[in-house]
Amino acid sequence: MKNSNRKTFFMFLMAFLVAFFIVSVVGVLRSSFMTSGAPEIPAAQAVPALTDSAMKTPVSFSDLSERVKPAVVNISTSKTYKGRGGFGSPFGGSPFGDDFFDRFFGDMPRREFKQRSLGSGFIISSDGYIFTNNHVVEQADKILVKISDGKEYEAKVIGTDANTDIALIKIKPENSLPVAEIGDSEKVRVGEWVIAIGNPFGLEATVTAGIVSAKGRVIGAGPYDNFIQTDASINPGNSGGPLFNMEGKVIGINTAIVAQGQGIGFAIPINMAKSILADLKTKGKVTRGWLGISVQDITDDIAANLNHKSKQGALVSDVFKDDPADKAGIKVGDIITEINGKTVKDTHDLLLTIAGLKVGQKMNLKVIRDGKEMTFQVTVAERKENAAASSEKSSRFQFGIAAQDITPDMAKTLGIAREGVIVADVQPGSPADEVGIQTQDVIVQVNRVKIRSLKDYTREISKAAEKKSAALLIKRGRSQFFVVLKLQ
């Protein structure tokens, strides 16, 4: 038994040692494989550190809206006008014109009607200055502002600018008011979160959220279009209200929507409002820079004709006599490429840049003339309303048209005859815009009178304005047609 037990013991010991050896070898091989043959699993990447502004961001839209809502106001306006009641439009009058019933029923008496509208705004100073849209308060007989605590105050218009659709109004509050913090629209990035607060359809203090969809949008609302596009819901009544970023700073003034689209709204960049605030406060209107030139965008054909390498820049189509550009030596056919070192992309970019310059400021204008770069120093003058109208080279915006003489260079470049006048600009929403007149159309007749020059056109269009009707013969390319313009 002892020998048998001893034999069993040795067999068990041998089995244990073999097992230990195998486990040890496998462990060594596994360790060697992990350190030399197999790829290492990368550690989780560190989350980027939050910026100061990001750390100030509220944890929710609720926190943000609760903080900024007290500075947002509701605006209601009323406007009185005279019309004929009982027929046609719900606002009085006839859809066929006020003379429709006169022709059939005699001279019917006019009644006074009250037209009411709603809008929004935001407080920019504790003593009651408020930013809103010009179209919210334009021609209003009475403006009522309701602040967040429910109190109402009658407001006074301090200054307006129809070109940018911005207005500054003022109330006299009993106590100091909460103020909206103004941001920097230049720093806005496409894709960042924003919220809009306003009074859509009379629904007070409505908050909607979305992102910045695009920047620098031109939608034909005015000469200084530079809108921020957002998909934060904006509706009638939101006009004039603020667009906030996630820091609670105003980056835009909600202004326009695309009626047939969803999630497409537009806000005026707050930097544009800041740039004209001083003028609105002290003068009630905006003073802008003026060079005294007409410009046009560079098409592929024009670029090829002028041996210009790109479509970037603005082509000078006219220079007004004795205005700043003329005095500095700018000529028709020059291509403006830079202003004070800033690249000029197109005519719209040029217009925005010049409008932002101070009267009396000297600026360096880089142009390309006959393939050579040249630099001129120009002293900025003040832009007058219808400044082109006072020049012998340009017409007034009668019926919404700015026209000018056809220069030899323009005739050659555009392939047109030097007869009539060329349309340089069309005001959005004007009678000319409504019938489809376009820039570069050539006007050859006004009320059957042949037009040979701007002098002829100015004389005849002024006569037509007195009669509130003008029949124009238009040349566009190879086609020729009549349009009739009417003033309301």
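Note that the structure is predicted; figures quoted are calculated from it, not measured.
- More than 12 non-hydrogen atoms from other residues, nucleotides or ligands lie less than 6.0 angstrom from CZ of R459.
- When side chains are defined from C-beta on, Q229 counts as touching I264, because their heavy atoms get closer than 4.5 Å.
- Closest of all the heavy-atom pairs between S310 and A303 is O-CB, 3.9 Å.
- A heavy-atom distance below 4.5 Å is found between the side chains of V190 and K215.
- Residue I124 is tested with L168, I270, L177, V250 for a side-chain contact (heavy atoms from CB on, under 4.5 Å); the sole match is L168.
- You'll find the side chain of I354 reaches within 4.5 Å of the side chain of I339, heavy atoms only.
- Within the cation-pi definition used here (under 6.0 Å to the ring centroid, within 45° of the axis), R288 qualifies as a partner of Y224.
- In the model, S294 has no side-chain atom that pairs as donor or acceptor with a side-chain atom of S317 under 3.5 Å.
- Looking at T337, its side chain does come within 3.5 Å of a backbone N or O of K366 through a donor-acceptor pair.
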For salt bridge (charged side-chain N to carboxylate O under 4.0 Å, His left out), just list the numbers for D441 and R476, CA-CA rounded to whole Å, side-chain angles, deciding distance to a tenth of an Å, and then say yes or no. CA-CA 5 Å; D441 281 350; R476 182 182 297 165; 2.8 Å; yes
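- When atom types are taken as modelled, the side chain of K358 and the backbone of V380 share no donor-acceptor pair closer than 3.5 angstrom.
- Inter-residue side-chain proximity for F399 and V483 is flagged as unmet; no heavy-atom pair is nearer than 4.5 Å.
- Looking only at distances, no side-chain donor or acceptor of N271 sits under 3.5 Å from a matching main-chain atom of D184.
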Checking side-chain contact (heavy atoms from CB on, under 4.5 Å) for the pair T343/Q312: CA distance, chi angles, key distance, verdict? CA-CA 9 Å; T343 299; Q312 188 163 283; 3.0 Å; yes
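- Considering only heavy atoms from C-beta on, I293 comes within 4.5 Å of I336 through its side chain.
- Checking D297 against T347 by side-chain atom types alone, a donor-acceptor pair falls below 3.5 Å.
- Between N364 and T375, the side chains place no donor N or O within less than 3.5 Å of an acceptor N or O (distance only, hydrogens not considered).
- There is a side-chain donor-acceptor pair under 3.5 Å between S233 and N235.
- The two residues V435 and V484 come nearest to each other via the heavy atoms CG1-O, 3.7 Å.
- Counting heavy atoms from C-beta on, the side chains of F320 and W290 come closer than 4.5 Å.
- The closest donor-acceptor contact from the side chain of N133 to the backbone of G240 lies under 3.5 Å.
- Around NZ of K331, the count of heavy atoms belonging to other residues, nucleotides or ligands within 6.0 Å does not exceed 12.
- The backbone N or O of G183 lies less than 3.5 Å from a partner atom in the side chain of K274, making a donor-acceptor pair.
- With N254 contributing its side chain and P242 its backbone, the two residues share a donor-acceptor pair below 3.5 Å.
- Taking 4.0 Å as the cut-off between side-chain N and carboxylate O, K463 and E466 do not count as a salt-bridged pair.
- Under the 3.5 Å distance criterion, the side-chain polar atoms of D279 are left unmatched by any main-chain donor or acceptor of K283.
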